[in-house]
Structure formats: structure tokens, C-alpha cells
Visitor: 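What follows is a structure written as C-alpha cells; I'll ask about it next.
Indexing begins at 1, ligand by ligand and atom by atom, following the structure's order.
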Amino acid sequence: MEHLDLAPIARAEGSIVLPGSKSISNRTLLLAALAEGVTEVLGLLDSDDVTVMLAALDQLGVRIQRHGDSRDFTVSGVAGPFPVKSGNFFLGNAGTAFRPLTAALALSGGDYQLSGVPRMHERPIGDLIDALRGLGAQVAYTGNPGYPPLTLSPAQGTGADQVAVRGDVSSQFLTALLMALPLTGRRVTVQVIGELISKPYIDITLNLMARFGVTVERDGWAAFTVDGSQRYHSPGVIHVEGDASSASYFLAAGALGRGPVRVEGVGSGSIQGDVRFADALAAIGADIRWGDNWIEARGTGRVKAFDADFNHIPDAAMTLAVAALAADGRSVLRNIGSWRVKETDRIAAMATELRKVGAVVEEGEDWLAITPPAQLTPNAAIDTYDDHRMAMCFSLVALLGAPVRINDPKCVGKTFPGYFQAFASICQPA
Ligand SMILES: O=C(O)C1=C[C@@H](OP(=O)(O)O)[C@@H](O)[C@H](O)C1
Ligand SMILES: C=C(OP(=O)(O)O)C(=O)O
């Protein structure tokens, strides 16, 4: 297996222009595709998760032109359901492509097959399918019930004007439904069953839908209604913000490696919930400065142990689990149960790999507790489980004085193919 050996790093300092947000890139592409009019999408993320979305939309007859070798694209919307009425789509391990496309295609009146990598076929989708069936969608499970791959056929009947979806497995089910609802042409209310997780991602969805002209009425986090008379219209131009989850590794590097490290592309004006990672870093002792479109972190020489709920920042919280290796006591990450159904079982993976560097780790169904060792074990070979975030988080171990090996480093391609080059650019060897 390919690996990357990282030598101890004395100091992290510098600035990074972030790649585009995965969550905003894939939502924007889908909304621009369904909209009437032409949308200029500027600063689209270049990574596996976005590549599968671009390829699927191309297959579906959406005209997307790239401007030279930039990350700026012109998307000519199809103004409603997709014109291509059949197709077989491979969506890798991209939750932000798989769930939203499932909903949009289930309501597009065609015959479609959707599949992904083996891990995608272990990630639940049954709650979304149940809700779509309530809207008349015809969905068959090709493999295990409740999981991809899927076969979609044209919807039948008029469908209900009220459906329920579980909110406690993945917020992407609600996101997918909301974005697809204008395709029904009806007024539909979605009721959320159970405590909605990852709420800030719903804010991203509502924000982008509004920019495309569709407003959602809501009763807190319990019910969302889309009036069927609304259609998506291009807002003209969408600038994709930098990725706030990707920012977490560099901000943590600034906090653990003296700093300052600045990330450019997200700041106080961001619509991404993961910018709140910077608050979590501040709470454990980092010195954080905010600009409109940048965030900067520097270390204060102390990392305080923490015990907190990270349900609102599930992706960036993984970075805190590794930062906990530098803390002055036992840290606890709570309410992170969704980690178990992401790229890998992230609670199990994180526990196993943190133990390799010497930490004492306790693990529960939806929590993780980490007690750092007096001295990190050098030369641990970190397995990454085809999980980009495992690879990116564990690069931070090199900032804590221990050489570390990252197995299969190219798995970062899911959201950040250039991660290790960017990381090296802020690192000064010990
Ligand atoms: O909607 C989104 O863009 C995302 C929602 C989150 O998933 P869950 O809602 O499954 O926690 C997050 O982990 C994922 O990386 C992106
Ligand atoms: C959970 C993640 O991805 P996905 O969009 O596939 O759910 C992630 O990027 O951490």
C-alpha cells in the first residue's frame, strides 16, 4: 500500500487558500441544473465528490462548460425535471451527490440506477427512500434493503402532501428532500422524526435554495414546507466559499504548531457551520482572529482538555479528536453517533488509530474519550480506511513531535486532492 512518512514539524506558519466547499459545490451544481437560466459557478471544488456530481449531471443532459482550466463553470439549467429519462450513475462515496440525486431523480419521471463504492452500499438511505415513496416515488433496492444501490422508476399517483423523514441518521435525507420538492409542483410539508442532527447543513441548504428563488416555510427544526408554485431560477453568479471542514486541519496546525496559520476563503461571513470549529479551538486555548473571508489561528502554548457536544460540526470534530493528543487531560467528544455511518465507522477507526500513537481511548455508541500519553509513540503507521478525514487529521501528529506514517494518503482525493502539498507549505521541519 502507498504511504506517506511525515517527519516531526517544528512550527506551522503561513497561509492557505482553501479549495471550494464540498457541501456548497454539490448543492449549487444540482440547484443550477434544475433551475431556469444560466448560472456562473465560481471556485467549484476539484475533488472526487464533485467529479461524480458533474459526471451525473452531464449524463442527465445538463450543459456544463468549464472556463479554461479554472474552477469556474457555466451551468445551463434544464428548468425542471431532467430531460434524459434513463441512466446508470456511479456516485463513488459522495453522500452529497448520492442522497440529493436520489431524491431529484426519483421525482424526474425516468428509469435510473444509482450505485457507489462498496462503503456507499453500507451507508443508510432507507429513511430518505421511505419519504420519497410517500411522494409517489418508485424505488427498488438492488442489494440490501435500506441501502444503495437503487433502481428508480417514474413516480406513480399524486403522492401525499405531508411526509416524514428521520433526522437522526443523516441530515442529508432532509437536504435531499427539500432540494427536490419543487419538482413535485405541489405544496408539501416534511416532518422531521427524531432529533435532527448536523443542523448547520440544513442552513446551507435553505440558504442556497433561497438564492435560487425557493423559500422554505419552517416550524423550527420540526417541519419544513415548500410551496409547489415555486421554481428554481438562476441567481446569475454563485461564488463557492472555501471549505470550512478542510480549514480545520490548518487552523489546528496553527494552534498546535505555534502559528500563525491563516485560511483564506471562509470567515465570519461564511454559511458553513464548520467555521464554528474555530470557536472550539478558541475554547481549548488557541488564539483565533476572524476576518470577513479569513480565519487565523495561533498557539498559546496550552491545549485545554475538553468535554463537549460536537453534533453541529461532525466533520471538523474529527480534527479535535487528534488535537486532543496535545491536551492537558482527558477530552470527551459527545453526540457524534453519525460518525459510525460515514466514510468508515469513524468512532472505531479513530479509537484504533489514536491508540497506535499511545493514547488511552474509551469509546461509546456516540462518544469518544481520549487521554493523551506522556509521550507519543513514534513512527505509528496510521490506517486511513479510505476516509479522507482520517488521513488529513492524523497529519497533525507530526506537529506534536512524533514522526508518523499515513497509509493510502491519496484517499484525501474525496474532498482535497492537494491536501498534503498544502500542509507541507505551512510546515517547518524540526
Ligand atoms: O449536507 C452536507 O453537505 C453534509 C452533511 C453532513 O452529513 P450528516 O448530515 O450525515 O451528518 C456532513 O458530515 C457531510 O460531510 C456533508
Ligand atoms: C461525511 C462526509 O462525506 P459525505 O458527503 O459523503 O457524507 C465527509 O466529507 O466527512
Side-chain angles (χ1 to χ4, degrees), residues 19-31 45 47-53 91-103 116-117 119-125 127-128 148 165-179 192 194-209 221 240-241 243-249 270-274 276-277 310-319 321 335-347 349-350 366 384-393 411-417 419:
S21 154
K22 169 195 73 170
S23 296
I24 297 175
S25 292
N26 273 351
R27 284 170 173 77
T28 299
L29 284 175
L30 181 59
L31 295 175
L45 173 62
S47 83
D48 295 350
D49 279 13
V50 176
T51 300
V52 293
M53 178 63 104
L91 300 171
N93 198 6
T96 55
F98 208 106
R99 278 78 179 253
L101 276 172
T102 293
V117 300
R119 175 60 183 172
M120 183 49 96
H121 298 174
E122 294 173 352
R123 297 181 66 185
I125 198 162
D127 300 314
L128 172 58
V165 71
R166 265 180 71 179
D168 55 357
V169 175
S170 169
S171 71
Q172 291 175 2
F173 303 157
L174 178 58
T175 281
L177 279 172
L178 291 173
M179 290 202 292
V192 180
E195 175 74 14
L196 181 65
I197 62 164
S198 305
K199 292 187 180 77
Y201 288 98
I202 300 302
D203 287 327
I204 301 178
T205 303
L206 299 179
N207 183 299
L208 290 172
M209 286 175 66
W221 297 103
V240 177
E241 294 177 10
D243 193 293
S245 317
S246 298
S248 70
Y249 314 107
S270 173
I271 64 167
Q272 296 168 77
D274 264 9
R276 299 274 72 87
F277 171 81
F310 293 109
N311 194 274
H312 60 302
I313 53 167
D315 294 354
M318 291 177 74
T319 313
N335 207 1
I336 52 166
S338 72
W339 281 21
R340 295 211 182 265
V341 290
K342 305 223 181 205
E343 281 77 337
T344 184
D345 176 341
R346 288 176 165 171
I347 293 185
M350 189 58 82
D366 68 348
T384 49
Y385 309 82
D386 205 15
D387 183 346
H388 53 144
R389 298 199 194 286
M390 287 296 289
M392 294 190 281
C393 291
C411 67
V412 298
K414 187 175 191 285
T415 55
F416 199 161
Y419 174 73

Visitor: Heavy-atom contact check, 4.0 Å cutoff: does Met120 meet ligand 2?
Guide: no
Visitor: Identify, by atom number and element, the atoms of ligand 1 in contact range of Lys342, meaning under 4.0 Å from any of its heavy atoms.
Guide: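 Near Lys342, meaning under 4.0 Å from one of its heavy atoms, ligand 1 has 6 (C), 7 (O), 8 (P), 10 (O), 11 (O), 12 (C), 13 (O).
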Visitor: I'd like to know if Arg27 contacts ligand 1, where contact means a heavy-atom distance under 4.0 Å to any ligand atom.
Guide: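 It does, in that a heavy atom of Arg27 comes within the 4.0 Å cut-off of ligand 1.
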Visitor: Test Asn93 against every option in Glu343, Arg123, His121 by the side chain to side chain donor-acceptor pair (under 3.5 Å) rule and name the one that passes.
Guide: Arg123
Visitor: Decide whether Arg119 and Thr344 meet the rule of one side-chain donor and one side-chain acceptor closer than 3.5 Å.
Guide: no
Visitor: With atoms numbered from 1 as shown, which atoms in ligand 2 lie under 4.0 angstrom from a non-hydrogen atom of Arg389?
Guide: 8 (C), 9 (O), 10 (O)
Visitor: Output the list of atoms in ligand 1 that are nearer than 4.0 Å to some heavy atom of Ser198, sorted by atom number.
Guide: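 Ligand 1 atoms under the 4.0 Å threshold to Ser198: 8 (P), 9 (O), 11 (O).
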Visitor: If every non-hydrogen atom of Thr205 is compared with every non-hydrogen atom of Leu178, which pair is closest and at what distance?
Guide: CG2-CB, 4.5 Å
Visitor: Which part of Ser170 is near ligand 1, with near meaning a heavy atom under 4.0 Å away: side chain, backbone, both or neither?
Guide: both
Visitor: With heavy atoms only and a cut-off of under 4.0 Å, state how Arg119 meets ligand 2: side chain, backbone, both or neither.
Guide: neither
Visitor: How far is atom 9 (O) of ligand 1 from its nearest protein heavy atom, and which residue and atom is that?
Guide: Ser171 OG, 2.5 Å
Visitor: Atoms of ligand 1 less than 4.0 Å from Asp315 heavy atoms?
Guide: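 With Asp315 as reference, the close atoms of ligand 1 come out as 12 (C), 13 (O), 14 (C), 15 (O).
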Visitor: Looking at ligand 1, does any of its N/O atoms fall within less than 3.5 Å of an N/O of Thr96?
Guide: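 For ligand 1, there is no N or O atom that lies under 3.5 Å from one belonging to Thr96.
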Visitor: So does Ser270 get a backbone contact from the side chain of Glu241, meaning a donor-acceptor N/O pair under 3.5 Å?
Guide: no
Visitor: Given 3.5 Å as the limit, does a donor-acceptor pair link the side chain of Thr28 with the main chain of Ser25, or not?
Guide: no
Visitor: Looking at Arg340 and Asp345, does any basic side-chain N land under 4.0 Å from a carboxylate oxygen?
Guide: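 Yes, this pair counts.
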Visitor: Test of understanding: given a 4.0 Å heavy-atom threshold, classify the contact between Thr96 and ligand 2 as side chain, backbone, both, or neither.
Guide: both
Visitor: Return yes or no for this condition: an N or O of Ser23 is under 3.5 Å from an N or O of ligand 1.
Guide: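 Looking only at distances, the answer is yes, because the N/O contact criterion of under 3.5 Å is met.
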Visitor: Could an N or O of ligand 1 be found under 3.5 Å from any N or O of Lys22, whether backbone or side chain?
Guide: yes
Visitor: With heavy atoms only and a cut-off of under 4.0 Å, state how Arg123 meets ligand 2: side chain, backbone, both or neither.
Guide: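 For Arg123, the contact with ligand 2 is made by the side chain alone.
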Visitor: Show, in sequence, the C-alpha distance, side-chain angles and deciding distance for Leu174 and Ile202, and conclude whether the side chain to side chain contact (heavy atoms under 4.5 Å, CB included) test is met.
Guide: CA-CA 8 Å; Leu174 178 58; Ile202 300 302; 3.8 Å; yes
Visitor: Mark yes or no for whether Arg27, through its side chain, and Ser23, through its backbone, hold a donor-acceptor pair below 3.5 Å.
Guide: yes
Visitor: Taking NZ, NE, NH1 and NH2 as the nitrogens, is one of them in Lys414 or Asp49 under 4.0 Å from a carboxylate oxygen of the other?
Guide: yes
Visitor: Step by step, work out the side chain to side chain contact (heavy atoms under 4.5 Å, CB included) result for Leu45 and Val240.
Guide: CA-CA 8 Å; Leu45 173 62; Val240 177; 5.8 Å; no
Visitor: Taking it one step at a time, do Ile336 and Asn311 satisfy side chain to side chain contact (heavy atoms under 4.5 Å, CB included)?
Guide: CA-CA 6 Å; Ile336 52 166; Asn311 194 274; over 6 Å; no
Visitor: Quick one: which ligand 2 atoms are inside 4.0 Å of a heavy atom on Gln172?
Guide: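 Within the 4.0 Å cut-off of Gln172, ligand 2 contributes 4 (P), 5 (O), 7 (O).
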Visitor: Counting non-hydrogen protein atoms only, what is the nearest one to atom 8 (C) of ligand 2? Give residue, atom name and distance.
Guide: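 Protein heavy atom with the smallest distance to atom 8 (C) of ligand 2: Glu343 OE2, 3.0 Å.
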Visitor: Checking the N or O distance criterion of under 3.5 Å, is ligand 2 in contact with Asp49?
Guide: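 The answer is no, given that Asp49 and ligand 2 share no N or O pair closer than 3.5 Å.
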Visitor: Between Arg389 and Asp387, is the closest basic N to carboxylate O distance under 4.0 Å?
Guide: no
Visitor: How close does the nearest protein non-hydrogen atom get to atom 9 (O) of ligand 2, and which residue and atom is it?
Guide: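 Answer, as residue, atom name and distance: Lys22 NZ, 2.7 Å.
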Visitor: I need the contact type for Ala94 against ligand 2. Using non-hydrogen atoms and a strict under-4.0 Å cut-off, is it side chain, backbone, both or neither?
Guide: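 The answer is the backbone.
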Visitor: Can a non-hydrogen atom of Thr175 be found less than 4.0 Å from any atom of ligand 1?
Guide: no
Visitor: Run the salt-bridge test on Arg346 and Asp315 with the 4.0 Å N-O cut-off and return the result as yes or no.
Guide: yes
Visitor: Against heavy atoms of Asn93, which atoms of ligand 2 measure under 4.0 Å?
Guide: 6 (O)
